[in-house]
Amino acid sequence: PIVLRIESVRGDQLCTWKGKFADEMLSGKKVPLNRWLRFEDQPQLPSSFDRIIQETRRDRNEYGFSSLRLVIAFLNWHNLKEAPNDRICSPLLWLPVEISKAKGVRDQYVLSCADPVAEYNPALRHMLRQLYNIDLPEEVDLSTVSMTDVHANLMRQIHQSEPGVRLDLQERPQIRLILQKAVQRVNRFNR
């Protein structure tokens, strides 16, 4: 992180739910993860993906379904009634996906999504309904509904009961903040 040049990071190189990555996932094709992840810099990735593939296979054999999900949107929020100062980060939308390993001279891991229908986090849906009477649907078709539409729906429901609450849509990570935290962690480690 110390030698990272922020100016050289382009938005189309980041694996976020916007642009090329989202289009590839929603097309139903297999998306090679080596295009989005730097396996040479992160030697633990292959063993982590192998473990995920094995656990997914075991879940499918034991329970009849896979619980593997790709979280495409998080909701950072506060429980204003019980603990207004505590920030909560919860997955908001997730997409059922499959990870597979393509054997070769250099093994490749591919991610695929059979259906573009994302599910709202059921625990978060229940909590928001109980606390704030915010009613979210069970699922949303991402081929027809954008994240901007999801944000607008949630913001409309929030503003019906409390117009003073702000809900921001952040589609791009705060690279400077991430870099600053990484540099602090490296400096702390070096000390």
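Note: Phe65 and Tyr63 have tilted aromatic rings, judged against thresholds of 30 and 60 degrees for the angle between ring planes. Using bins of under 30°, 30° to 60° and over 60° for the plane-to-plane angle, the ring pair Phe39/Tyr109 lands in the parallel bin.
Between the side chains of Gln157 and Asn153, a donor-acceptor pair is found at a separation under 3.5 Å. When only modelled atom types and interatomic distance are considered, Glu82 and Asn79 share a side-chain donor-acceptor pair under 3.5 Å. Side chains of Ser67 and Asp59: a donor on one and an acceptor on the other come within 3.5 Å.
Sparse packing is recorded around CZ of Arg185, with 12 or fewer heavy atoms of other residues, nucleotides or ligands lying under 6.0 Å away. Under a cut-off of 6.0 angstrom, the local environment of CD in Glu62 is crowded, with over 12 non-hydrogen atoms contributed by other residues, nucleotides or ligands. Surrounding NZ of Lys81 are more than 12 heavy atoms belonging to other residues, nucleotides or ligands, all under 6.0 Å away. In Met155, the CE atom is crowded: over 12 heavy atoms of neighbouring residues, nucleotides or ligands sit closer than 6.0 Å. The 12-atom threshold is not exceeded at CD of Gln54, counting heavy atoms of other residues, nucleotides or ligands nearer than 6.0 Å. Surrounding NE2 of His78 are more than 12 heavy atoms belonging to other residues, nucleotides or ligands, all under 6.0 Å away.
Every residue two or more places apart in sequence or in another chain that forms a side-chain contact (heavy atoms from CB on, under 4.5 Å) with Thr144 is listed here: Asp141.
Using a cut-off of 4.0 Å between Lys/Arg side-chain N and Asp/Glu carboxylate O, Glu98 and Arg57 are scored as not salt-bridged.
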